[in-house]
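Take a look at the structure set out below.
Order of listing sets the numbers, starting from 1, for every ligand and every atom in it. Just so you know, residue 1 is the first one in the sequence shown, and it goes up from there. Model, not experiment: these values are computed from the prediction.
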Amino acid sequence: MLPNIVLIGFMGCGKSSVGRRLASLTGHRLVDSDDLVAQSEGRTISDIFAMVGEPGFRKIEENVLAGLVGVVGIVLATGGGAVLGEANRAVLKKIGTVAWLDADPDVLFERATRSNRRPLLQTEDPRGTFDRLLASRRPIYEGTADFRMDSTGLAHDTVAQTLLDRTMRLRAHAG
Ligand code: S3P
């Protein structure tokens, strides 16, 4: 059976959009960790940040991710900071093949700030915040992922198909 596919990457890299297409290509169910967090609290991500801050959000996120270990037949789109906790990184690797969806920083920034639903970028200097966060996280994405896929300039459908091919190849090589 096709393994679960876990999408990690910075805000704006297209995890949800690519995840949706991957789900329809594979027949897997798309699970979006931000949606699960919001559902579990009955609030938006922005409201959760406003009420319990980032540490509170991270705790809920950690619980949600831990609850997915053992679930089969899913494409998991994670929040951009899901890789920050060491426990989470181990959990994501247990859940499935981990793909890092990356793109040119300007592309990421434009997509990430298209809406104002990303509390971490609601600062006086969004680009400065973005650059600092991206620089600190890149090595973490790299260290967590089974492979990296640069989606700059590619249609979501192409990214999804390539991701699927690479996942299958990886699996074939793993025996
Ligand atoms: C976050 C990314 C968001 C969401 C929350 C925190 C982050 O998800 O989980 O706002 O720390 O990068 P997306 O990557 O889907 O925007």
Side-chain angles (χ1 to χ4, degrees), residues 4-23 28-68 74-92 95-96 98-145 148-152 154 156 159-160 163:
N4 291 336
I5 303 175
V6 178
L7 300 177
I8 63 170
F10 205 70
M11 295 176 263
C13 73
K15 292 164 297 208
S16 302
S17 311
V18 170
R20 217 171 297 125
R21 284 158 175 89
L22 258 178
H28 278 3
R29 179 166 62 95
L30 175 67
V31 175
D32 186 307
S33 69
D34 277 349
D35 287 350
L36 291 184
V37 168
Q39 276 163 24
S40 79
E41 298 300 296
R43 298 178 196 287
T44 65
I45 301 296
S46 294
D47 286 347
I48 295 170
F49 266 77
M51 291 185 71
V52 293
E54 185 176 350
F57 169 81
R58 296 289 170 215
K59 274 201 199 103
I60 307 165
E61 185 179 53
E62 187 175 327
N63 286 337
V64 157
L65 293 172
L68 292 170
I74 60 170
V75 172
L76 172 62
T78 60
V83 294
L84 294 178
E86 201 182 332
N88 284 357
R89 295 197 288 274
V91 157
L92 295 177
I95 293 174
V98 181
W100 170 22
L101 204 48
D102 198 14
D104 178 83
D106 291 339
V107 173
L108 291 176
F109 182 71
E110 193 277 316
R111 289 200 208 133
T113 51
R114 234 180 246 167
S115 79
N116 58 4
R117 61 169 192 85
R118 292 189 165 97
L120 288 180
L121 298 178
Q122 307 297 309
T123 66
E124 281 188 4
D125 173 19
R127 184 64 203 230
T129 308
F130 169 94
D131 286 338
R132 273 192 301 280
L133 275 177
L134 182 59
S136 68
R137 288 184 184 178
R138 272 186 170 279
I140 308 179
Y141 294 130
E142 185 162 23
T144 310
R148 168 181 177 268
M149 161 100 210
D150 188 335
S151 68
T152 309
L154 300 177
H156 289 321
V159 178
L163 268 174

Who are the side chain to side chain donor-acceptor pair (under 3.5 Å) partners of R132, not counting sequence neighbours?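 R132 satisfies side chain to side chain donor-acceptor pair (under 3.5 Å) with no other residue.
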N4: which residues meet the side chain to side chain donor-acceptor pair (under 3.5 Å) condition with it, sequence neighbours left out?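 Partners of N4 by the side chain to side chain donor-acceptor pair (under 3.5 Å) criterion come out as none, since no residue qualifies.
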F109 vs F130 aromatic rings, parallel, tilted or perpendicular, using cut-offs 30° and 60°?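 The arrangement is perpendicular - the two ring planes meet at more than 60°.
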What closest approach, in Å, do I45 and F57 show between heavy atoms, and which atom pair accounts for it?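 Heavy atoms of I45 and F57 come nearest at CD1-CE1, 3.7 Å.
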Is E110 salt-bridged to R114, going by a charged N under 4.0 Å from an acidic O?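 Salt bridge: yes.
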Anything under 3.5 Å between a donor and an acceptor, one on a side chain of residues 118-126, the other on a protein residue two or more places apart or in another chain? List them.
from: R118; atom 1: NH1; to: A112; atom 2: O; distance (Å): 3.2
from: Q122; atom 1: NE2; to: N116; atom 2: O; distance (Å): 3.4
from: Q122; atom 1: NE2; to: R118; atom 2: O; distance (Å): 3.3
from: T123; atom 1: OG1; to: D125; atom 2: N; distance (Å): 3.3
from: T123; atom 1: OG1; to: D125; atom 2: O; distance (Å): 3.3
from: T123; atom 1: OG1; to: T129; atom 2: OG1; distance (Å): 2.8
from: D125; atom 1: OD1; to: G128; atom 2: N; distance (Å): 3.0

Starting from the N and O atoms of ligand 1, collect every protein N/O partner closer than 3.5 Å and put each pair on its own line with the distance to 0.1 Å.
from: ligand 1; atom 1: 8 (O); to: D34; atom 2: OD2; distance (Å): 2.8
from: ligand 1; atom 1: 9 (O); to: D34; atom 2: OD1; distance (Å): 2.7
from: ligand 1; atom 1: 9 (O); to: D34; atom 2: OD2; distance (Å): 3.1
from: ligand 1; atom 1: 11 (O); to: R58; atom 2: NH2; distance (Å): 2.6
from: ligand 1; atom 1: 11 (O); to: G81; atom 2: N; distance (Å): 3.4
from: ligand 1; atom 1: 11 (O); to: R137; atom 2: NH1; distance (Å): 3.4
from: ligand 1; atom 1: 11 (O); to: R137; atom 2: NH2; distance (Å): 2.8
from: ligand 1; atom 1: 12 (O); to: G81; atom 2: N; distance (Å): 3.3
from: ligand 1; atom 1: 12 (O); to: R137; atom 2: NH1; distance (Å): 2.6
from: ligand 1; atom 1: 14 (O); to: K15; atom 2: NZ; distance (Å): 2.6
from: ligand 1; atom 1: 14 (O); to: G80; atom 2: N; distance (Å): 2.8
from: ligand 1; atom 1: 15 (O); to: D34; atom 2: OD2; distance (Å): 3.4
from: ligand 1; atom 1: 16 (O); to: R118; atom 2: NE; distance (Å): 2.6
from: ligand 1; atom 1: 16 (O); to: R118; atom 2: NH2; distance (Å): 3.2

